There are 2 protein chains.
Amino acid sequence: MATIYEVSELAGVSLATVSRVMNDSGKVTAKTRKKVKAAMRELGYRPNSIARSLASSRTDSVGVLVPMFYGPFYGEILSGIETELRDAGKHVIITAGHSDKASEEAGIEFLLSRNCDALILHVDAVDDDYLKKLCRESVPIVVIGRHVAGFEDHCINLDNELGGYLATKSVLVLGHKKLAYISGPLWKHDAHDRLQGHKRALMEHGLEFNAQLLYEGNFREASGSRGLEELLRIGQPFSAVICANDEMAAGALGVARERGLEIPEDLSVIGFDNVFFTRYFRPKLSTIDYQISGMGQMAARAVLKIVYGDKDLEVQNMFQPTVVMRSSVTCKTGP
Amino acid sequence: MATIYEVSELAGVSLATVSRVMNDSGKVTAKTRKKVKAAMRELGYRPNSIARSLASSRTDSVGVLVPMFYGPFYGEILSGIETELRDAGKHVIITAGHSDKASEEAGIEFLLSRNCDALILHVDAVDDDYLKKLCRESVPIVVIGRHVAGFEDHCINLDNELGGYLATKSVLVLGHKKLAYISGPLWKHDAHDRLQGHKRALMEHGLEFNAQLLYEGNFREASGSRGLEELLRIGQPFSAVICANDEMAAGALGVARERGLEIPEDLSVIGFDNVFFTRYFRPKLSTIDYQISGMGQMAARAVLKIVYGDKDLEVQNMFQPTVVMRSSVTCKTGP
DNA sequence: AGCTAGAATGTAAACGCTTACATTTTTATT
DNA sequence: AATAAAAATGTAAGCGTTTACATTCTAGCT
């Protein structure tokens with residue numbers, strides 16, 4: 001592989017000039033530039049990014065940590081991140097954190113050891129102070145799907161509270177009075193906020209939140225099934241169930257079918273996330289929609305802005321969810 | 001950030017010794033090793049992987065190119081790759097190729113410029129010679145989901161021909177005689193091979209392949225819909241349709257429902273891939289299953305073996321598909 | 001004690017770039 | 001044409017490691 005030295009020899013200029021041509025930095029005459037470029041082409045020169053990084057202490061790479069790769073979610077996030085960063089000539093190093101503290105920290109350590117210029121993190125288990133300290137002492141970070149107080153411009157977030165509110169509200173306006181709620185693990189920020197929104201909507205309609213009609217799941221399908229079973233078991237009546245994500249809604253739908261409950265006649269169901277495979281549900285699931293890959297893209301932009309000095313890039317830190325009404329929800333009729 | 005030099009000073013040894021401790025190379029007394037490790041800990045030393053790469057011309061990173069991140073497929077592949085490589089202390093740099101020649105080549109170039117030690121590629125558009133040349137002249141590669149002649153130990157592949165054969169066979173043995181086939185784009189290797197398998201099964205049962213009952217889709221849901229519409233339109237009778245993947249099967253199922261065709265009574269449908277969301281289809285889709293993430297894992301192992309000299313690692317180059325019979329297929333009754 | 005083989009450690013030259021600073025060339029001004 | 005200022009180019013010192021080779025220990029012999 002040709003080095004910058006060979007290029008400089010062939011072009012009859014110094015190393016520095018070649019470097020300047022490569023980086024579009026400093027002044028170079030058009031004539032010299034042409035000579036150098038010709039030499040590069042002739043030698044099939046490809047700059048060694050490792051040497052470049054060592055000398056400049058920038059790696060042009062961004063580390064990304066997501067809980068996992070599979071499922072409907074993180075693929076989209078990653079897609080948004082990669083597209084945006086690649087267009088800017090940055091590399092993406094990706095690793096998984098498994099929503100587990102030790103694993104998340106190990107992942108971050110792993111990325112740091114690779115000298116990433118910045119980190120984009122979707123982490124659940126590590127705490128806010130750890131993140132702030134990390135950003136202060138090691139490397140700039142951008143956090144997706146989480147609010148870290150006093151750190152707002154480094155956070156790309158969905159208004160989960162609003163989402164929970166809208167989901168609930170859209171059921172309440174149809175006359176439902178008794179609502180059950182299947183939440184995600186409440187130590188997770190998004191799960192917690194969605195439930196808060198639910199409570200706010202209830203309050204607004206003069207209804208009391210009934211803790212017996214809350215089931216705390218784990219965002220996975222099976223916990224949605226267990227949730228509805230449990231809620232039915234305790235015998236408190238309800239005409240609609242709000243699920244904090246679509247996968248749990250899928251579980252609930254499955255149990256409803258087994259029990260012979262007609263959806264939406266006997267029970268209205270609403271999900272959250274609008275993941276792509278909800279199109280296969282029957283009846284079609286009403287849910288809360290937002291731009292998943294858009295959030296990834298924004299995280300990438302935030303990095304471009306904060307770290308690589310792309311000052312006039314627009315970054316949207318907060319995303320607004322909207323309601324998608326399909327056929328799993330209907331008016332409350334009868335008593 | 002502390003450097004190796006500061007560690008060596010604090011420990012009262014030379015740079016070389018610190019390096020030896022870090023890499024477990026060469027001989028170091030237990031006592032010295034202890035001193036060095038203590039110094040590392042005290043300084044919170046973290047080796048600079050960039051400098052290390054420059055000096056050793058190994059980056060301990062593997063470039064991965066997949067067509068895209070979203071969808072049910074590549075997330076699993078990536079998951080398999082990342083887990084295996086991370087355990088081996090290697091980094092993963094990921095980029096997307098969009099099944100487009102220019103984009104795939106750009107992606108590969110991109111990874112090469114990052115000095116990856118090896119590449120794992122899931123590419124459709126570039127040709128075999130390009131891949132062989134790449135491996136010969138630039139960097140070792142492992143190819144997923146594709147057969148490159150004379151290059152078998154660098155390929156991790158599914159026996160697509162067998163899959164197509166099994167899918168078809170499993171319908172034929174139930175008495176179906178008129179089969180339609182919705183294929184992927186036939187320039188893609190997997191699509192082509194699956195169709196070959198289909199033909200072999202037909203032949204084995206003494207049936208002639210009828211080109212009018214073939215529709216060439218693009219592996220996406222909408223083309224499955226169009227495919228079944230088209231097949232119905234031409235008026236040739238058939239009692240079962242084999243789809244070259246589950247997404248197209250989903251499209252076909254949708255059209256069948258619209259047309260009031262009962263599945264499987266009026267039409268048997270079988271898919272391919274067994275992606276996770278087929279569980280939501282009604283009726284449940286019969287399909288062809290294989291280890292998606294296992295293929296990613298094997299690709300990673302192949303790299304470990306070929307590039308990093310992990311000699312006694314077992315690599316399975318060919319994966320065997322199996323039939324999963326669910327309720328979208330039934331016996332052929334009547335004429 | 002003196003010698004030696006082998007083990008442990010040290011020395012210093014890469015690796016391929018960037019960049020502050022020094023030098024030379026060009027252009028503008030008088 | 002002489003001079004100053006600005007522009008272009010060159011020089012050389014890093015960046016933090018690895019590693020071939022050189023040197024210094026250590027222990028086992030005689």
Side-chain angles (χ1 to χ4, degrees), chain A residues 1-37 39-40 43-61 89 91 112-117 138-139 308-309, chain B residues 1-37 39-40 43-61 89 91 112-117 138-139 308-309:
Chain A
M1 190 82 250
T3 71
I4 195 176
Y5 179 76
E6 297 167 49
V7 174
S8 78
E9 279 217 311
L10 182 58
V13 299
S14 74
L15 297 187
T17 301
V18 177
S19 172
R20 279 189 275 260
V21 170
M22 265 171 43
N23 298 292
D24 268 324
S25 62
K27 303 286 175 186
V28 185
T29 348
K31 209 175 78 186
T32 321
R33 182 185 310 276
K34 216 169 135 185
K35 267 194 313 192
V36 172
K37 291 213 162 167
M40 287 181 168
L43 293 171
Y45 172 72
R46 186 188 296 131
N48 180 325
S49 61
I50 297 294
R52 192 198 280 235
S53 295
L54 185 59
S56 65
S57 62
R58 291 191 329 166
T59 58
D60 285 332
S61 69
H91 309 262
L112 287 180
S113 81
R114 197 61 201 167
N115 299 41
C116 297
D117 295 338
S138 300
V139 64
Y308 296 112
Chain B
M1 191 82 251
T3 72
I4 195 176
Y5 179 76
E6 298 167 49
V7 174
S8 78
E9 278 218 310
L10 181 59
V13 300
S14 73
L15 297 186
T17 301
V18 177
S19 172
R20 279 188 276 259
V21 170
M22 265 170 44
N23 298 293
D24 268 323
S25 62
K27 305 283 177 190
V28 185
T29 350
K31 208 175 79 187
T32 318
R33 181 184 311 275
K34 217 170 134 186
K35 266 195 312 195
V36 172
K37 292 211 161 168
M40 288 180 166
L43 293 170
Y45 172 72
R46 186 188 296 132
N48 180 324
S49 60
I50 298 293
R52 193 200 282 237
S53 295
L54 184 60
S56 66
S57 61
R58 289 192 332 167
T59 59
D60 286 331
S61 69
H91 308 262
L112 287 180
S113 80
R114 197 61 204 166
N115 299 42
C116 296
D117 295 338
S138 299
V139 65
Y308 297 111

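None of these values were measured; they are calculated from a predicted model. The basis for the numbers below is simple: all heavy atoms, side chains too, and nothing from hydrogens, waters or symmetry mates. By convention in this document, chain letters (A, B, ...) are assigned in the order of the sequence lines, proteins followed by strands, and residues within each chain are numbered from 1.
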Completion exercise
Of dG10(D), dC17(C), dT18(D), the nucleotide closest to the side chain of Thr17(A) is dG10(D)
Fill in the blank from the handout: Result for side chain to side chain contact (heavy atoms under 4.5 Å, CB included) between Val7(B) and one of Val13(B), Leu43(B), Val21(B) points to Leu43(B)
Handout entry: Distance, rounded to the nearest Å, where Leu15(B) contributes CG and dA12(C) contributes P
Key = 11 Å
Practice task
Check whether any side-chain heavy atom of Val18(A) sits under 4.5 Å from a side-chain heavy atom of Met40(A), and report yes or no.
Solution key: yes
Problem - Whichever of Ala51(A) and Thr29(B) has its nearest DNA chain C nucleotide further upstream toward 5' - result: Thr29(B)
Completion exercise
Considering only heavy side-chain atoms of Ser14(B), the closest of dT11(C), dT11(D), dC17(C) is dT11(C)
Fill in the blank from the handout: When Arg33(B) and Ala55(B) are each assigned the nearest nucleotide of DNA chain C, the 5'-most assignment goes to Arg33(B)
Practice task
For Ile50(B) and dT18(D), give me the distance from atom CD1 to atom C1', rounded to whole Å.
Solution key: 15 Å
Handout entry: Validation row: Arg52(B), Asn23(B) side chains within 4.5 angstrom (heavy atoms)
Key = yes
Problem - Proximity to the side chain of Ser56(B) - top-ranked nucleotide from dT18(D), dT17(D), dA7(D) - result: dT18(D)
Handout entry: Interatomic distance, Asp60(B) CG vs dG16(D) P [rounded to whole Å]
Key = 19 Å
Exercise for the section: Please check the phosphate of dT18(C) (OP1 and OP2 only) for any side-chain N or O of Asn23(A) closer than 4.0 Å. Expected result: yes
Practice task
Looking at every strand, decide which applies to Thr32(A) at a 4.0 Å heavy-atom threshold: base, sugar-phosphate, or nothing.
Solution key: sugar-phosphate
Practice task
Report the distance from atom CZ of Arg52(B) to atom C1' of dC15(D), rounded to the nearest whole Å.
Solution key: 16 Å
Problem - d(CZ, Arg46(A); P, dG16(C)) in whole Å - result: 14 Å
Exercise for the section: Using only side-chain N and O atoms of Tyr45(B), determine if any of them is under 4.0 Å from OP1 or OP2 of dT17(D). Expected result: yes
Problem - Nearest-Å distance for atom pair CD1/P, residues Ile4(B) and dA12(C) - result: 16 Å
Practice task
Specify the separation, in whole Å, of atom CD of Glu6(A) and atom P of dC15(C).
Solution key: 11 Å
Handout entry: Most 5' of Arg20(B) and Ala16(A) on DNA chain D, judged by nearest nucleotide
Key = Ala16(A)
Completion exercise
Rounded to whole Å, the NZ-P distance (Lys27(B) to dT26(D)) equals 18 Å
Exercise for the section: Determine yes or no for a side-chain-to-main-chain donor-acceptor pair under 3.5 angstrom, with Ser19(B) supplying the side chain and Leu15(B) the backbone. Expected result: no
Practice task
Could you check if a side-chain atom of Ile50(A) sits within less than 4.5 angstrom of a side-chain atom of Ser53(A), using non-hydrogen atoms only?
Solution key: no
Problem - Given dG16(D), dC17(C), dT18(D), the nucleotide with the shortest approach to the side chain of Met22(B) - result: dT18(D)
Practice task
Select one nucleotide: of dG10(C), dT19(C), dG10(D), the one nearest the side-chain heavy atoms of Ser19(A).
Solution key: dT19(C)
